[in-house]
Asker: 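First, the structure itself, so that you have it in front of you.
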Amino acid sequence: MNQWLASDLQFHKLYPDAVLAQASMHWTPLYIARKAAEFLAAEKDAKILDIGSGAGKFCLAAAAYQPNAFFYGVEQREYLVTYAETARITTGLQNVFFIHGNITGIDFNHYDHFYFFNAFYENINDEYKIDNSLAYSKELYSAYNRCVYKQLDKKPAGTRLTTFHSTEDEIPPGYHEVGSTDDNLLKFWIKV
Ligand SMILES: C[S@@+](CC[C@H](N)C(=O)[O-])C[C@H]1O[C@@H](n2cnc3c(N)ncnc32)[C@H](O)[C@@H]1O
């Protein structure tokens with residue numbers, strides 16, 4: 001796996017050219033994935049959910065950086081799940097799993113900690129639309145944020161959340177910021 005982690009450019013060779021146009025805007029850079037994974041893998045065998053996992057870059061990199069944790073990605077676009085699974089097979093990683101589905105159908109009780117890279121923003125900003133395969137709306141943006149907020153709210157104290165480029169609409173007040181990068185784009189939260 002280490003050869004894929006040498007650089008973002010190298011990692012992107014896991015994917016066909018057709019999907020790489022999404023990479024710079026929609027996929028987590030490796031240095032961010034490393035920091036996020038280190039924070040989220042707080043205990044051995046922790047189960048971490050990536051909310052909107054795209055082509056799986058965060059999950060795959062995080063799983064390689066933290067082999068004692070399990071990373072799960074839920075993604076609504078089936079073709080991205082296929083790219084993620086193909087990349088997983090190429091890397092041989094055993095601690096990462098991809099689920100095709102909408103976040104509204106996921107039970108957060110099955111996971112300990114969460115990663116969120118601004119997954120719903122495509123609903124309110126034309127520049128962030130990944131493709132034309134889905135309907136976008138402000139209503140969906142609010143509904144998805146509400147869904148994540150409610151489920152995060154029910155999680156026990158000690159639950160960790162890492163956000164990247166978040167509007168923070170999805171974060172209940174019980175989550176306290178415990179760190180961030182200097183530019184404030186990556187933030188670490190723990191429920192108290
Ligand atoms: C910004 S990308 C992040 C990809 C991945 N987390 C990474 O960092 O490499 C957000 C992804 O969330 C997915 N997404 C958006 N809304 C979703 C929903 N309601 N349920 C599941 N996936 C969703 C999008 O299709 C997109 O692939």
Side-chain angles (χ1 to χ4, degrees), residues 4-5 8-15 18-37 39-40 48-66 71-88 91 93 96-108 110-111 113-152 161-170 181 185-187:
W4 302 109
L5 297 175
D8 287 287
L9 208 62
Q10 186 64 23
F11 195 93
H12 294 169
K13 291 183 182 163
L14 284 165
Y15 299 98
V19 78
L20 288 180
Q22 298 176 8
S24 64
M25 186 179 275
H26 298 287
W27 301 358
T28 302
L30 287 179
Y31 79 100
I32 294 289
R34 186 176 49 74
K35 286 176 198 268
F39 176 73
L40 292 170
I48 294 144
L49 178 69
D50 180 9
I51 300 168
S53 49
K57 184 176 177 186
F58 169 74
C59 283
L60 292 164
Y65 289 129
Q66 296 294 329
F71 291 85
Y72 299 79
V74 59
E75 169 56 49
Q76 64 179 348
R77 291 179 165 92
E78 192 168 16
Y79 73 93
L80 291 180
V81 178
T82 303
Y83 288 134
E85 185 55 18
T86 304
R88 187 196 69 75
T91 61
L93 287 163
V96 56
F97 307 90
F98 296 107
I99 303 156
H100 173 224
N102 196 294
I103 193 63
T104 52
I106 297 295
D107 183 349
F108 282 28
H110 297 315
Y111 308 97
H113 308 298
F114 301 87
Y115 177 71
F116 184 72
F117 175 9
N118 206 12
F120 313 136
Y121 201 59
E122 61 177 345
N123 282 289
I124 56 167
N125 187 319
D126 285 352
E127 281 175 37
Y128 284 83
K129 287 180 181 170
I130 289 184
D131 57 32
N132 294 316
S133 69
L134 298 170
Y136 299 101
S137 71
K138 282 184 193 151
E139 288 73 23
L140 279 177
Y141 177 78
S142 303
Y144 293 153
N145 275 318
R146 236 181 0 256
C147 165
V148 169
Y149 181 106
K150 277 190 189 161
Q151 294 229 54
L152 286 178
L161 168 69
T162 300
T163 56
F164 186 46
H165 285 272
S166 168
T167 57
E168 301 180 16
D169 293 329
E170 74 290 350
T181 46
L185 293 178
L186 183 72
K187 291 190 179 182

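We count ligands from 1, going down the list as the structure has it; atoms in each ligand are counted the same way.
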Asker: Using the rule given for side-chain contact (heavy atoms from CB on, under 4.5 Å), can you reason through Phe11 versus Leu60, listing the C-alpha separation, both sets of side-chain angles and the distance that settles it, and then say yes or no?
Answerer: CA-CA 10 Å; Phe11 195 93; Leu60 292 164; 3.8 Å; yes
Asker: Could you work out, with side-chain contact (heavy atoms from CB on, under 4.5 Å) as the rule, every residue matching Thr86, not counting sequence neighbours?
Answerer: Thr82
Asker: Tell me, please: is Cys59 in heavy-atom contact with ligand 1, that is, under 4.0 Å?
Answerer: no
Asker: Hey, is ligand 1 close enough to Arg77 that some N/O pair sits below 3.5 Å?
Answerer: yes
Asker: Would Trp27 count as being in polar contact with ligand 1, using the rule that some N or O on each side must be under 3.5 angstrom apart?
Answerer: no
Asker: May I ask which of Gln76, His165, Lys57 has a heavy atom nearer to atom 18 (C) of ligand 1 than the others do?
Answerer: Gln76
Asker: Are any of the N/O atoms on Glu75, whether in the backbone or the side chain, positioned under 3.5 angstrom from an N/O atom of ligand 1?
Answerer: yes
Asker: Between Tyr136 and Asp126, is any side-chain donor less than 3.5 angstrom from a side-chain acceptor?
Answerer: no
Asker: Look at atom 19 (N) of ligand 1 and find which of Asn102, Asn118, Asp131 reaches it with the closest heavy atom.
Answerer: Asn102
Asker: With no hydrogens and no angle check, do the side chains of Asn102 and Tyr144 hold a donor and an acceptor under 3.5 Å apart?
Answerer: yes
Asker: For ligand 1, indicate whether the residue Phe58 contacts it via side chain, backbone, both or neither (heavy-atom separation under 4.0 Å).
Answerer: both
Asker: Using distance only, find each side-chain donor-acceptor pair of residues 20-30 under 3.5 Å and give its atom names and separation, not counting sequence neighbours.
Answerer:
residue	atom	partner	partner atom	Å
Gln22	NE2	Tyr79	OH	3.2
Thr28	OG1	Tyr115	OH	2.7

Asker: For ligand 1, which is the ligand I care about here, please tell me if Leu80 has any N or O atom under 3.5 Å from one of the ligand's N or O atoms.
Answerer: no
Asker: Is it the case that ligand 1 has an N or O less than 3.5 angstrom from some N or O of Ile103?
Answerer: yes
